[in-house]
Amino acid sequence: MNAQISFLDGTFTLIHVPLDLYSALLQPILRVLLPQTQSLDALRETVECALEGLTTENQHGFLNISVTPIECSIVCHSTWADKVFQPVIDALPGEQARTVTVFKDTYMVLSVISAGLEAAGRVMELSSPLALAGIPIFFITTYYSDFILVPSKARHSVIKALSERGFELSENQSNFVNSSSSYAAYGRKNSASSSAGSPPPGTPPPSDAQELQTRTFDLMQKRNVTPYVDDGLQLVQCSGREISQLADVYGHRLSVGRQTHHPPERRNSWIENVDTKLYTSIISALVSRPRFLSLTLAQDDPPSLLLDRKLLPLFGDSIVGDTDSNFVPIFLDLVNLPSEVTGIVCGVAGRLVEDMHLTETFELSYLSTARAGAVILTEEQSTRALAILAPLLKTEDD
């Protein structure tokens with residue numbers, strides 16, 4: 001597999017919001033989604049403080065907002081978690097505030113651009129080096145890229161694990177490149193990778209992916225994790241348009257930061273560099289308290305959306321992609337598992353890859369949220385996958 005893995009700038013925080021408090025936290029969610037509101041604070045504070053975590057166009061380097069039947073989950077720059085979310089959480093009644101979780105550990109985001117491997121194998125191949133090294137991860141598949149969240153404190157272990165799997169680190173230590181066609185297969189033993197990382201005390205890392213799968217399903221069974229689908233929920237994966245596409249649609253070239261009428265010291269206005277029609281649709285969807293909506297913003301990609309098919313009328317022609325295909329998420333409620341647990345993504349994806357004898361054209365995505373995971377497949381394949389996973393996680397009480 002040809003792949004380039006890059007560390008995105010900044011440290012990021014995960015936030016879990018229970019669904020019964022979604023409305024109470026909607027204001028900070030929208031404020032983070034619309035970062036031009038920070039320019040108002042810049043009049044009262046320093047510009048550096050107000051714009052931390054944003055690009056020169058005042059857009060997020062990385063942001064994920066996911067509303068699912070299990071929770072609302074946010075991944076945002078740690079500054080936004082501290083300055084936008086935390087004050088609202090602190091103002092909630094004590095009992096409610098305690099049900100919102102702002103993860104104490106910060107995370108780095110790895111952006112993965114790959115070729116030569118379809119989605120089914122890609123999730124497995126990208127997660128296995130880190131899982132075998134005992135590094136906990138969150139995995140987000142989007143329309144254009146894959147993103148892996150790893151604890152900031154594990155940076156050295158991440159570099160070591162990827163280097164041992166054939167990735168070469170650039171001089172500035174921000175990019176890895178792997179052009180080898182013999183990328184390690186997911187079922188094979190890799191003793192070098194298993195020695196990297198910092199597994200929990202007293203628990204040596206698994207020697208290969210098969211042992212990792214066994215441990216993963218044993219743990220989920222003990223913690224009563226049951227895979228399920230939400231009846232009638234069908235998802236569509238799509239994207240906002242590139243800036244160049246917007247120019248063709250609206251008949252003029254959108255500004256990309258060359259406005260001469262701005263004072264030299266003023267940074268570019270966010271609203272002049274985005275598709276306002278798309279953002280109006282996203283706001284409408286969030287305000288509707290959607291059954292499922294996952295939005296990912298990343299510095300080098302157009303906005304990526306995974307959403308309930310029933311939300312499509314809100315978006316009209318502001319999105320592009322194959323809206324005819326239906327995907328079904330299989331949910332794994334991981335609330336009873338510690339956030340530092342390793343191997344969930346790799347173990348679940350690996351078992352499906354093996355047992356379903358997936359072809360190269362098979363579509364498999366994975367979405368990690370703060371306290372849950374979702375394996376996203378076509379309708380037909382989701383039925384097969386559920387039949388494979390359910391017996392593996394069946395408890396004696398079932």
Side-chain angles (χ1 to χ4, degrees), residues 1 3 5 107-110 112 114 117-141 146-151 154 157-158 160-162 164-167 176 178 183-200 203-223 225 227 329-332 334 337-358 362-369 371-377 385 388-389 392-393:
M1 177 179 67
I5 301 178
Y107 289 81
M108 301 179 300
V109 175
L110 301 177
V112 184
S114 59
L117 190 66
E118 295 297 332
R122 194 172 67 241
V123 175
M124 182 62 215
E125 293 285 5
L126 293 172
S127 61
S128 61
L130 304 177
L132 289 172
I135 301 169
I137 69 168
F138 292 84
F139 198 101
I140 300 174
T141 306
D146 297 299
F147 296 95
I148 303 174
L149 277 68
V150 296
S157 298
V158 170
K160 182 178 180 182
L162 292 176
E164 289 174 344
R165 293 294 287 267
F167 285 91
F176 293 89
N178 182 308
Y183 192 60
Y186 49 77
R188 299 174 186 169
K189 184 172 181 178
N190 190 315
S191 57
S193 287
S194 66
S195 64
S198 302
T203 305
S207 59
D208 55 31
Q210 192 62 50
E211 183 181 350
L212 175 66
Q213 285 183 29
T214 301
R215 289 190 189 186
T216 298
F217 284 97
D218 285 348
L219 175 61
M220 290 197 294
Q221 186 180 56
K222 290 177 182 177
R223 298 297 182 92
V225 176
I330 299 176
F331 294 106
L332 300 167
L334 307 177
L337 273 63
S339 60
E340 64 270 15
V341 70
T342 62
I344 298 296
V345 178
C346 186
V348 172
R351 179 57 61 92
L352 294 178
V353 168
E354 291 180 3
D355 289 7
M356 297 177 71
H357 307 292
L358 302 182
F362 183 78
E363 291 292 333
L364 182 150
S365 301
Y366 197 97
L367 174 66
S368 294
T369 55
R371 290 191 170 181
V375 183
I376 301 155
L377 309 135
I388 292 170
L389 295 177
L392 295 171
L393 297 174

Query raised in the report: From Arg165 CZ over to Leu162 CG, what is the distance, rounded to the nearest 0.5 angstrom?
Result: 9.0 Å
Report summary line: Closest non-hydrogen atoms of Pro227 and Ile330, given as atom of the first, atom of the second and distance, are CB-CG2, 3.9 Å
Query - Atom pair OG1 (Thr342) and CD1 (Ile135), whose distance is rounded to the nearest 0.5 Å - result: 9.5 Å
Report summary line: When every non-hydrogen atom of Ala385 is compared with those of Leu352, the smallest separation belongs to CB-CD2, 3.7 Å
Report task. Would you name the heavy atoms of Arg223 and Leu337 that are closest together and state the gap between them? Result -> CB-CD1, 3.3 Å
Query - Side-chain heavy-atom pair Pro151, Pro136 within 4.5 angstrom cut-off - result: yes
Report task. Starting at CD1 of Ile344, measure out to CE of Met220 and round the result to the nearest 0.5 Å. Result -> 5.0 Å
Query raised in the report: Can you check whether Leu110 reaches Val158 side chain to side chain, under 4.5 Å on heavy atoms?
Result: yes
Query raised in the report: Out of curiosity, Leu393 CG to Ile388 CD1, how far, rounded to the nearest 0.5 Å?
Result: 12.0 Å
Report summary line: In Ile140, Leu377, Thr141, Val123, the residue satisfying side-chain contact (heavy atoms from CB on, under 4.5 Å) with Ser365 is Thr141
Query raised in the report: In Å, rounded to the nearest 0.5 Å, how long is the span from CD1 of Ile137 to CG of Leu130?
Result: 6.0 Å
Report summary line: What one should report as the nearest heavy-atom pair of Cys346 and Ser128 is SG-CA, 3.5 Å
Report summary line: Here the pair of heavy atoms bringing Val375 nearest to Tyr366 is CG2-CE1, 3.7 Å
Query raised in the report: So, for Val109 and Phe147, which heavy atoms are closest and what is the spacing to 0.1 Å?
Result: CG1-CD2, 3.9 Å
Requested in this report: Quick one: pull up OG in Ser368 and CG in Leu334 and give me the separation to the nearest 0.5 Å.
Outcome: 8.0 Å
Report task. Quick one: do Phe217 and Leu389 satisfy side chain to side chain contact (heavy atoms under 4.5 Å, CB included)? Show the steps, please. Result -> CA-CA 9 Å; Phe217 284 97; Leu389 295 177; 3.8 Å; yes
